[in-house]
Amino acid sequence: MTRSLRTLKDITSQEFTQILERTGRVKAAIKSRKPIGSLDNRVVALLFEKPSTRTRASFESAIARLGGTPVYLPSADLQMKRGEPVKDTARMFGNYFDAIVARVYSHQTILELDEFAGVPIINGLCNLAHPTQAICDLFTVKEVKGDLKGLTLAYIGDGNNVCHSLLLACAHAGMNINVGCPDAYGPKEEFVNYAKDIAQKSGSKIAIMSDPREAACSSDVLYTDTWVSMGEESEKEKKLKDFQGYQINKELLGLANRGAIIMHCLPAYRGYEITEEVMEGPNSVIWQQGENKMHAAAGVLDFFFGK
Ligand code: CP
Ligand code: NVA
């Protein structure tokens, strides 16, 4: 049976750890320019409905470094744009490609691609999840902090796709997560409950709260994302008002543990969800995190296609 990474529900906690280990190995090989070869003679499609700087470029580079060939397919250039059903597109691409990395508006599109393509679908972000981002993120925390178990990540801001994937990733890794969101913008119960189920076995604590200070208190990682995700542009004005007080800044960092690190999946909107000062300050690992997008992409592909 073909396996996919639609969300982090598709893998076990043990497999999550294996992907982090593979990411470390492929990163070392990429750095020393050793051949990897997991994608030798394979072609991978990147089907993108939304813009991307990091996910597209890092997957294209990772595919090439693993010996494969990436093909970028923006949906605006496909017959999908003129109404061809996703399931018909999926069946064609399943013939031409060995895997599809897809960035789409609706999670339903990920599910349909998975149902009809017959090759692994890797979710490169949808409205509900951004699984490869969370793999990159926890790989980065591990690089900086060593062991993940028992650390606390505070996610401050919008309970969005990135937040959902961090909930599941932290639960898989045995990390605690405090989510601090305005009441109306909390993560979906489905993801919170699933994370709690995993956490029962891994021993992590999942806490959702509305006070960003309470969330930041005694945390080892302060993480945020844009308040206005792609596709939400019409809500911008309201969201900017509703998220006042949820900025990661020097004051919030002062509540976290000594040596706490600052993370952001990017793109960042300085002066809104995060200040320039903490982004560029000594606690920020944002640029290392950004680099690791490529290594995590390679780690995920190596998990699907490597030995
Ligand atoms: N973090 C992330 O997914 O960035 P892009 O939107 O640039 O791909
Ligand atoms: N939540 C953001 C993440 C961007 C990488 C969005 O969906 O636009």
Side-chain angles (χ1 to χ4, degrees), residues 5-8 23 44-63 70 72-76 100-110 122-141 153 155-169 179-182 185-188 191 221 223-236 239-240 242-243 246-248 262-270 272-274 279 284-301:
L5 186 64
R6 301 165 304 178
T7 71
L8 291 174
T23 299
V44 178
L46 291 105
L47 169 54
F48 275 50
E49 291 181 351
K50 295 179 185 180
S52 167
T53 294
R54 279 145 290 270
T55 308
R56 174 200 170 176
S58 63
F59 263 99
E60 284 207 41
S61 183
I63 291 160
Y72 177 58
L73 297 159
S75 63
I100 302 170
V101 179
R103 169 166 286 199
V104 297
Y105 281 95
S106 162
H107 188 63
Q108 187 54 38
T109 305
I110 296 284
I122 297 168
N123 183 347
L125 181 149
C126 67
N127 60 326
L128 290 185
H130 197 359
T132 64
Q133 180 67 48
I135 289 167
C136 157
D137 299 338
L138 293 209
F139 175 77
T140 307
V141 177
L153 182 148
Y155 177 92
I156 311 291
D158 193 12
N160 60 14
N161 44 8
V162 169
C163 176
H164 291 155
S165 292
L166 281 171
L167 276 163
L168 299 183
V179 175
C181 297
Y185 297 98
K188 288 195 186 302
F191 284 90
V221 181
Y223 193 118
T224 192
D225 180 19
T226 180
W227 294 335
V228 186
S229 284
M230 290 179 274
E232 295 180 344
E233 289 72 16
S234 64
E235 297 165 53
K236 182 172 175 184
K239 289 193 91 173
L240 295 190
D242 293 345
F243 281 94
Y246 287 82
Q247 183 185 66
I248 294 195
I262 303 284
M263 300 184 79
H264 192 307
C265 58
L266 302 174
Y269 298 88
R270 291 166 170 83
Y272 293 98
E273 77 273 7
I274 192 163
M279 268 193 88
S284 170
V285 299
I286 290 171
W287 314 113
Q288 182 176 346
Q289 180 186 6
E291 177 194 335
N292 283 335
K293 289 277 292 180
M294 180 175 72
H295 304 304
V300 168
L301 291 163

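Indexing begins at 1, ligand by ligand and atom by atom, following the structure's order.
Looking at every heavy atom in both residues, Ile63 comes nearest to Pro70 through CG2-N, 3.6 Å. The minimum heavy-atom distance between Asp137 and Met263, with the atom names listed, is O-CE, 3.5 Å. Among all heavy-atom pairs drawn from Trp227 and Gly157, the shortest one is NE1-CA, 4.3 Å.
In terms of protein heavy-atom proximity, atom 6 (O) of ligand 1 is closest to Arg103 NH1, 2.8 Å. The closest protein non-hydrogen atom to atom 4 (C) of ligand 2 is Leu125 CD1, 3.8 Å. At the shortest separation from atom 4 (O) of ligand 1 among protein heavy atoms lies Arg54 NE, 3.0 Å.
Considering backbone and side-chain N/O of Ser229, one or more are found under 3.5 Å from N/O of ligand 2. Considering backbone and side-chain N/O atoms, Asp225 comes within less than 3.5 Å of an N/O atom of ligand 2. For ligand 2, the polar-atom distance check against Met230 finds a nitrogen or oxygen pair separated by under 3.5 Å. Residue-to-ligand polar distances place His130 within reach of ligand 1: an N/O pair is separated by less than 3.5 Å. Where the criterion is an N or O separation shorter than 3.5 Å, residue side chain and backbone included, Cys265 meets it with respect to ligand 1.
Using a cut-off of 4.0 Å between Lys/Arg side-chain N and Asp/Glu carboxylate O, Lys236 and Glu232 are scored as not salt-bridged.
At least one heavy atom of Leu266 lies less than 4.0 angstrom from ligand 1. Ligand 2 lies nowhere less than 4.0 angstrom from a heavy atom belonging to Asp158.
Residues Phe59 and Ile122 meet the side-chain proximity criterion, which asks for heavy atoms closer than 4.5 Å. For the pair Leu8 and Ile135, the minimum side-chain heavy-atom distance is below 4.5 Å.
Neither the backbone nor the side chain of Thr55 has a heavy atom within less than 4.0 Å of ligand 2. By the criterion of a heavy-atom distance under 4.0 Å, the side chain of Asn161, and not its backbone, is placed next to ligand 2.
Ring-centre distance between Tyr246 and Tyr185: not below the 6.0 Å cut-off.
Screening Ile156, Asp158, Asn161 for a side-chain contact (heavy atoms from CB on, under 4.5 Å) involving Asp225 leaves a single residue, Asn161.
Residue Gln133 has at least one heavy-atom neighbour below 4.0 Å for each of these atoms of ligand 1: 1 (N), 2 (C), 3 (O). Which parts of ligand 2 touch Leu266 is read off a 4.0 Å heavy-atom cut-off, strictly below it: atoms 5 (C). Set against the non-hydrogen atoms of Thr53, the atoms of ligand 1 under 4.0 Å away are 5 (P), 7 (O), 8 (O). Here is the list of ligand 1 atoms found below 4.0 Å of a heavy atom in Lys293: 1 (N), 2 (C), 3 (O).
By the 30° and 60° cut-offs, the orientation of the rings of Tyr72 relative to Phe48 is perpendicular.
Between the CZ atom of Arg54 and the OG atom of Ser52 there is a distance of 7.0 Å, given to the nearest 0.5 Å.
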